[in-house]
Amino acid sequence: MTATEDAPAHFIRRIIEADNASGKWGGQVRTRFPPEPNGFLHIGHAKSICLNFGLAERYNGSCNLRFDDTNPAKEEQRYVDSITNDVQWLGFDFAGQPRFASDYFETMYDYAVELIRKGKAYVDDQNAEQIRESRGTLKEPGTPSPHRDRSVEENLDLFEKMRTGEFPDGSKVLRAKIDMASPNINLRDPVMYRVLNAHHHRTGDAWHIYPMYDWAHGIEDSIEGITHSICTLEFEDHRPLYDWFIEAINEGRGPGSEWGEPIVHPQQIEFAKLRPTYTVMSKRNLLKLVTDGVVSGWDDPRMPTISGYRRRGYTPESIRNFCDEIGVTKFDAMIDIGRLENAAREHLNKVAPRRMAVLDPIKVTITNWGDGGDEGRTEWLEAVNNPEDPSAGSREVPFTKTLYIERDDFMEDAPRKFFRLKPGGEVRLRYGYWISCHEVVKDDAGNIVELRCTYDPQTKGGDSPPPDAEGNVRKVKGTLHWVSADHAVKVEVRQFDRLFWVEKPDRKPKDAGDDWTFFENLNRDSLQVLDACYLEPNWKPGESEAGFADGITRVQFERQGYFCLDDDSTGDRLVFNRTVSLKDSWAKQAGKG
RNA sequence: UGGCCCGUGGUGUAACGGUAGCACAGCUGGUUUUGGUCCAGUCGGUCGGGGUUCGAAUCCCUGCGGGCCAGCCA
């Protein structure tokens with residue numbers, strides 16, 4: 001928290017602080033997060049959520065979760081539920097229940113009638129194609145509709161009939177009468193209402209017209225008393241229209257006016273949305289990944305959705321920290337997705353309990369295990385649960401004659417800087433003993449099937465042996481994780497790689513043909529399932545030391561990465577998802593060749 | 001000559017007319033029973049050209065580059 005409080009104020013905070021200083025809103029700050037319930041939330045929404053709710057927290061204001069449900073053709077209750085859940089999981093509180101634009105339909109209708117009576121809106125009989133053609137182009141002005149100068153009475157009558165369902169879909173619209181020659185196309189008599197005889201997930205069949213975004217959004221904000229209406233850059237061109245609608249409603253309002261008192265005029269402010277590397281973000285492309293079976297669903301751990309990151313094991317804190325770190329500007333920047341991975345490592349390092357698990361096992365036999373007593377004995381050795389958090393305590397891990405270590409941790413012909421296990425070499429088994437390898441057993445195909453090693457009874461717990469006669473202490477460079485073959489639990493581990501090979505997967509190359517899609521950039525090996533991994537037996541799902549508030553079981557498998565228990569787990573088969581690997585400077589060096 | 005917006009190290013972001021700083025990544029080294037963490041050091045930048053000013057990343061002009069806009073989507 002201190003980090004964010006100390007961070008310099010970004011441009012939206014400056015606006016708010018200036019407003020507070022001038023008393024524009026009486027020191028009040030009210031924001032909102034206004035998703036359309038037509039899909040699942042992704043990491044880009046998280047930035048907006050953290051911004052809006054974060055500002056409310058910082059300035060002692062409030063932030064509403066408001067569903068912009070103005071298009072029943074695309075919206076569903078299940079999206080409302082999932083979005084609500086995601087916002088709560090991220091840790092934000094929206095004072096009571098979510099709001100809905102549809103709750104304001106009646107008020108919006110009244111305002112529309114008011115604009116008609118003021119001569120600022122009219123019913124147009126043109127169809128969609130005619131309207132498009134008469135709108136003009138980016139360089140040429142539009143031409144007025146033949147219905148633009150209908151009488152107020154006729155407009156009122158037609159609009160009423162639109163509402164009550166007397167017209168078929170698309171046959172009529174209500175338009176604002178602004179300026180068909182405006183260089184800003186949004187001002188060329190924008191549509192306010194369309195006829196849509198559709199069933200709405202909340203208002204049912206009460207309405208046969210539905211408001212367009214530009215008309216509806218400012219009114220929603222105004223009704224809720226929003227002070228700062230924050231949206232993304234592509235709405236910049238819409239701001240003049242946002243302001244026009246509210247000013248049109250307020251025209252002639254005031255004390256004693258037949259129209260009543262002026263309504264609140266929130267300030268729309270635009271910022272650059274989040275664009276992470278190595279992923280697609282549009283709802284359309286995300287949907288295609290799901291429908292084409294590239295991923296298992298919206299919550300596939302490889303998806304950039306909130307539900308995907310949750311299932312992957314990301315903590316709400318890590319996502320919020322990430323959103324705080326990347327800043328808020330009007331520059332359309334690309335954010336290295338590695339920043340999000342770092343945020344996960346940073347948080348999980350502090351709170352994830354440690355366990356040992358061997359993902360790709362190779363058998364190790366301690367040939368002199370009998371030297372220390374009964375060859376069949378099990379020694380229980382103390383292991384620290386989290387070196388970053390002493391209060392996490394310790395546990396005991398079993399050491400026996402037969403163990404598993406990671407296949408990668410042994411090399412027969414090792415380079416100089418490889419300080420793991422090699423023939424004749426000695427390493428520490430973490431919290432166990434020091435061992436050295438004296439024999440490599442292979443099958444007929446030449447695959448290593450077993451390492452025969454000896455242990456040093458004087459290194460119990462992994463400690464250094466006593467000094468020799470000259471006072472020299474033997475040292476080892478490498479420390480390996482391991483499990484007892486007799487005690488280990490066999491589990492499944494799923495490792496994920498990024499879904500795409502290139503930074504901007506939806507960027508079509510210049511020389512690409514018409515049949516090109518972003519699927520060309522898919523990483524077809526983004527999922528690796530390891531079904532024979534061995535986990536130390538100290539495992540009690542749901543009882544990890546950290547006690548994550550969201551009920552998700554998260555853990556660090558030492559030297560490998562952070563993992564979480566997947567819901568696919570059953571009583572006799574645990575499934576772990578790798579959230580993110582640990583940093584691996586050996587892999588980096590080995591990769592240099 | 002359509003309109004609007006945006007250009008600061010590799011990436012992101014500060015400096016709001018007065019010493020170009022921070023973070024991440026990279027690289028060096030140190031500590032370490034995780035090649036993790038942690039610590040120290042280091043590399044590296046104001047898109048170009050004019051102008052205003054004692055002084056410009058900041059203000060003005062211009063060029064270049066990037067983004068958005070012609071849904072009865074949001």
Side-chain angles (χ1 to χ4, degrees), chain A residues 3 6-11 14 34-36 38 68 70-71 73-75 124 126-129 131-133 135-142 169-175 182-188 190-196 209-210 212-214 216-217 231-240 270 272 277 283 325-336 338-339 342-343 345-346 349-350 354 356 383-384 387-388 417-420 427-432 434 459 461-464 476-481 556-561 581-590:
Chain A
D6 294 339
H10 55 69
F11 80 101
R14 280 170 200 265
E36 183 186 15
N38 71 341
D68 210 1
T70 57
N71 186 1
K74 294 184 174 177
E75 297 152 7
D124 195 349
Q126 294 184 108
N127 62 34
E129 191 184 347
I131 289 179
R132 185 182 348 110
E133 285 170 356
R135 185 157 29 225
T137 67
L138 294 176
K139 295 182 181 177
E140 299 155 12
D169 285 2
S171 59
K172 283 186 170 45
V173 293
L174 183 72
R175 288 229 255 173
S182 172
N184 183 341
I185 290 178
N186 295 305
L187 264 20
R188 317 238 262 232
V191 174
M192 297 166 65
Y193 280 94
R194 73 278 214 185
V195 176
L196 213 57
I209 53 172
Y210 290 92
M212 299 289 291
Y213 168 87
D214 286 307
H217 204 86
C231 61
T232 46
L233 248 30
E234 65 266 30
F235 291 102
E236 239 162 354
D237 286 345
H238 296 242
R239 181 164 14 102
E270 311 85 18
T277 55
K283 279 175 185 165
E325 283 166 12
I326 58 177
V328 178
T329 66
K330 299 190 73 157
F331 178 65
D332 198 22
M334 269 290 207
I335 302 289
D336 183 350
R339 299 284 292 254
N342 284 341
R345 289 189 185 100
E346 191 180 4
N349 174 54
K350 293 183 194 130
R354 271 59 166 174
M356 292 196 286
V384 172
E388 304 293 318
K417 289 186 176 173
F418 182 88
F419 45 86
R420 280 117 92 147
V427 294
R428 169 190 295 113
L429 294 184
R430 187 154 159 91
Y431 305 126
W434 292 18
T459 58
D463 293 337
S464 296
V476 286
K477 269 288 229 175
T479 300
L480 311 186
H481 61 278
Q556 181 197 105
F557 288 160
E558 295 228 16
R559 299 207 306 133
Q560 301 189 111
S581 68
L582 255 33
K583 279 196 206 159
D584 188 349
S585 58
W586 163 247
K588 193 185 292 179
Q589 177 173 317

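To find a chain, count down the sequence lines: A is the first, B the second, and so on, and within it residues start at 1. Owing to the predicted nature of the structure, the values given are computational and were not obtained by experimental measurement.
Other residues, nucleotides and ligands place no more than 12 heavy atoms under 6.0 Å from the NZ atom of A/Lys477.
Counting only heavy atoms from C-beta on, A/Arg194 has its side chain closest to B/C72 among B/C4, B/C72, B/G36. Nearest nucleotide to the side chain of A/Ala333, out of B/A74, B/U13, B/G2: B/U13. Checking B/C4, B/C72, B/C24 against every side-chain atom of A/Asn342, the shortest atom distance belongs to B/C24. Closest to the A/Leu138 side chain, of the nucleotides B/G2, B/U37, B/C72, is B/G2. With distances taken from any side-chain atom of A/Thr329 to the nucleotides B/U34, B/U13, B/G67, the minimum falls on B/U13. With B/A14, B/G35, B/G2 as the candidates, the nucleotide lying closest to the side chain of A/Pro183 is B/G2. Picking from B/C72, B/G12, B/G35 the nucleotide with the shortest atom distance to the side chain of A/Ile335 gives B/G12. Here B/A74 is the nucleotide among B/A74, B/G35, B/U34 with the atom lying nearest to any side-chain atom of A/Asp68. Residue A/Met334 places its side chain closer to B/G12 than to any other of B/C69, B/G36, B/G12. Out of B/C5, B/A74, B/G71, the shortest distance to the side chain of A/Lys330 is found at B/C5.
The distance from atom CG of A/Asn184 to atom P of B/G2 is 16 Å, rounded to the nearest whole Å. The distance between atom CZ of A/Arg339 and atom P of B/G26, rounded to the nearest whole Å, is 12 Å. Counting to the nearest Å, the C1' atom of B/C73 and the NZ atom of A/Lys283 are 10 Å from each other. A straight line from CG of A/Asp332 to P of B/U11 spans 14 Å, rounded to a whole angstrom. Residue A/Met192 contributes atom CE, which lies 19 Å from atom P of B/G71 at whole-angstrom precision. Rounding to whole angstrom units, NE2 of residue A/His238 and C1' of B/C5 are separated by 13 Å. B/U11 atom C1' lies 10 Å from atom CZ of A/Phe331, rounded to whole Å. If you take CG of A/Leu233 and P of B/C6, they are 8 Å apart, rounded to a whole angstrom.
Judged purely by atom type and a 3.5 angstrom limit, A/Arg345 uses its side chain to pair as donor or acceptor with the backbone of A/Ser581. Here the side chain of A/Glu75 pairs a donor or acceptor atom with the backbone of A/Asn71 at under 3.5 angstrom. Between the side chain of A/Asn184 and the main chain of A/Asp237, a donor-acceptor pair closer than 3.5 Å is present. Between the side chain of A/Arg428 and the backbone N or O of A/Gly462, at least one donor-acceptor pair lies under 3.5 Å.
Side-chain N/O atoms of A/Thr137 include none lying less than 4.0 angstrom from OP1 or OP2 on B/G2. Between A/Lys583 and B/U37, a side-chain N or O to OP1/OP2 separation shorter than 4.0 Å is present. Contact annotation: A/Thr70 side-chain N/O to B/A74 OP1/OP2 distance is under 4.0 Å.
In a base pair of the Watson-Crick type (N1 to N3 plus N6-O4 or O6-N4) or a G-U wobble (N1-O2 and O6-N3), with each distance short of 3.5 Å, B/G2 is matched with B/C69. Under the Watson-Crick and G-U wobble criteria, each requiring two contacts below 3.5 Å, nucleotide B/C24 is paired to B/G10. Under the Watson-Crick or G-U wobble criterion, with both distances below 3.5 Å, B/U46 is left unpaired in every strand shown.
A/Lys74 and A/Glu36 are not joined by a salt bridge, as no carboxylate oxygen comes within less than 4.0 angstrom of a charged side-chain nitrogen.
With a glycosidic angle further than 90° from 0, B/G45 counts as anti.
In this structure, A/Tyr213 does not pack face-to-face on the six-membered ring of B/A74, missing the 5.5 Å centre cutoff or the 30° plane limit.
Annotation: of the two residues near RNA chain B, A/Ser171 and A/Lys477, the 5′-most nearest-nucleotide partner is A/Lys477.
Rounding to the nearest 0.5 Å places CG of A/Leu174 at 12.5 Å from CZ of A/Arg194.
For the C1' atoms, the distance linking B/G9 with B/C43 amounts to 10 Å, nearest Å.
Interface remark: the A/Glu236 side chain does not form any donor-acceptor pair with the B/G3 base, using a distance-only criterion of under 3.5 Å.
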